[in-house]
Amino acid sequence: MSENSPLRLAIFASGRGSNAMAILSAVRTGRLSRVDPVLLVCDRENAPVLEKAREAKIPALQILPKAFPSKDEYERGILFHLREKNVEAIALAGYMRLVGPALIEAYPDRIVNIHPSLLPAFPGLNAQKQAIDYGVRVTGVTVHFVDLQMDHGPVILQKCLAVSPEDTEESLIERLLPLEHEAYVEALEGLSCGRLRISGRRVFWVSDY
Ligand code: GRF
């Protein structure tokens with residue numbers, strides 16, 4: 001990453017794309033002034049995020065795993081496009097796939113993810129349902145660096161939300177979403193301003209001055 005130019009970011013998404021759009025909107029309003037979203041990568045056909053990307057005028061790459069003989073070759077296929085766009089970092093925004101060694105090795109400590117729970121609680125799919133089923137009274141969202149294990153890398157930031165006994169999976173999904181958007185923008189602000197230092201499992205936020 002060069003000192004003065006904004007961070008060239010690729011956003012990976014598989015579905016609805018509300019986190020992707022929150023990031024793009026923060027770029028537009030100047031909140032993420034040091035982020036340059038250069039590519040949206042989608043691994044599914046007809047995902048709503050593709051239409052949203054068109055409307056937002058961000059170049060979108062639909063790249064389907066079934067077109068490749070292996071996960072490794074699929075990721076190398078993605079890497080070709082990322083390099084073409086000089087991508088410097090990746091934000092996974094509802095990308096429903098475990099990232100493998102090819103991408104992690106190409107972008108060490110440069111891939112981040114958002115997860116709708118307070119990790120390490122409720123990793124994997126349906127985190128909100130897991131929280132309801134467990135009966136927790138507090139849940140939240142986590143933005144973290146990505147490593148080879150699912151929902152596991154060093155935590156950049158977390159935000160929490162009180163859960164009421166009346167909450168359902170649907171109400172929790174709806175109430176967590178604005179928190180996800182807020183947390184992701186805040187974390188990307190830290191990343192793009194060079195404020196994040198990883199030490200083991202800990203992430204230190206350093207002053208940008
Ligand atoms: C979000 O809840 C995100 O945390 C999870 O998948 C969902 C994607 O939502 N990983 P969207 O596509 O960003 O609207």
Side-chain angles (χ1 to χ4, degrees), residues 9-29 31-32 35 37 39-56 58 60-65 78 89-100 103-104 111-134 136 138-161 163 167-191:
L9 184 74
I11 303 171
F12 284 30
S14 304
R16 176 179 54 187
S18 74
N19 278 287
M21 291 310 120
I23 296 167
L24 294 181
S25 149
V27 170
R28 260 198 313 274
T29 59
R31 168 87 198 276
L32 282 180
V35 171
L39 186 65
L40 183 126
V41 175
C42 180
D43 62 334
R44 297 212 177 145
E45 273 164 304
N46 306 318
V49 69
L50 286 167
E51 180 57 31
K52 290 180 183 163
R54 262 189 291 279
E55 283 163 16
I58 175 173
L61 168 72
Q62 179 188 275
I63 182 160
L64 306 178
I78 295 177
I90 299 169
L92 308 181
Y95 181 67
M96 306 309 282
R97 199 167 288 283
L98 196 58
V99 172
L103 278 169
I104 303 264
I111 308 179
V112 295
N113 181 43
I114 177 96
H115 184 74
S117 76
L118 295 175
L119 290 171
F122 315 132
L125 291 176
N126 307 320
Q128 301 92 335
K129 180 172 188 307
Q130 293 185 56
I132 294 289
D133 290 349
Y134 198 91
V136 291
V138 177
T139 188
V141 305
T142 304
V143 186
H144 62 93
F145 284 105
V146 172
D147 63 15
L148 286 169
Q149 295 177 55
M150 186 185 316
D151 300 328
H152 175 268
V155 171
I156 299 170
L157 66 82
Q158 297 185 300
K159 288 184 186 285
C160 57
L161 180 78
V163 184
D167 266 309
T168 59
E169 181 188 1
E170 292 69 34
S171 72
L172 208 51
I173 289 174
E174 191 182 321
R175 296 200 308 118
L176 280 172
L177 212 51
L179 221 56
E180 290 191 35
H181 300 164
E182 203 182 299
Y184 221 167
V185 168
E186 215 173 300
L188 287 172
E189 198 172 14
L191 182 72

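As the structure lists them, so they are numbered: ligands from 1, and atoms in each ligand from 1. Along the sequence shown, the residues carry numbers beginning at 1.
- Counting protein heavy atoms only, atom 9 (O) of ligand 1 is closest to Arg16 NH2, 3.0 Å.
- The list of salt bridge (charged side-chain N to carboxylate O under 4.0 Å, His left out) pairs with a residue in residues 121-130, not counting sequence neighbours, reads Lys129-Asp133.
- Distance from atom 3 (C) of ligand 1 to its nearest protein heavy atom, with residue and atom name: Glu180 OE1, 3.2 Å.
- Listed by number with element, the atoms of ligand 1 under 4.0 Å from a non-hydrogen atom of Gly94 are 6 (O), 8 (C), 10 (N).
- One N or O on the side chain of Thr29 and one on the backbone of Ser25 form a donor-acceptor pair closer than 3.5 Å.
- Distance check, rounded to the nearest 0.5 Å: CG of Leu179 to CG of Leu161 gives 6.0 Å.
- Ligand 1 lies less than 4.0 angstrom from a heavy atom belonging to Gly17.
- Screening Leu188, Val146, Leu92 for a side-chain contact (heavy atoms from CB on, under 4.5 Å) with Val112, the sole residue that qualifies is Leu188.
- Formation of a donor-acceptor pair under 3.5 Å by the Thr139 side chain with backbone atoms of Ser117 is not found in this model.
- For atom 11 (P) of ligand 1, the closest heavy atom belonging to the protein is Ser18 N, 3.4 Å.
- For atom 5 (C) of ligand 1, the nearest protein heavy atom (residue, atom name, distance) is Pro116 CD, 4.0 Å.
- Here the protein heavy atom with the shortest distance to atom 10 (N) of ligand 1 is Ile114 O, 3.5 Å.
- Minimum heavy-atom separation, Ala127 to His115: CB-NE2, 3.5 Å.
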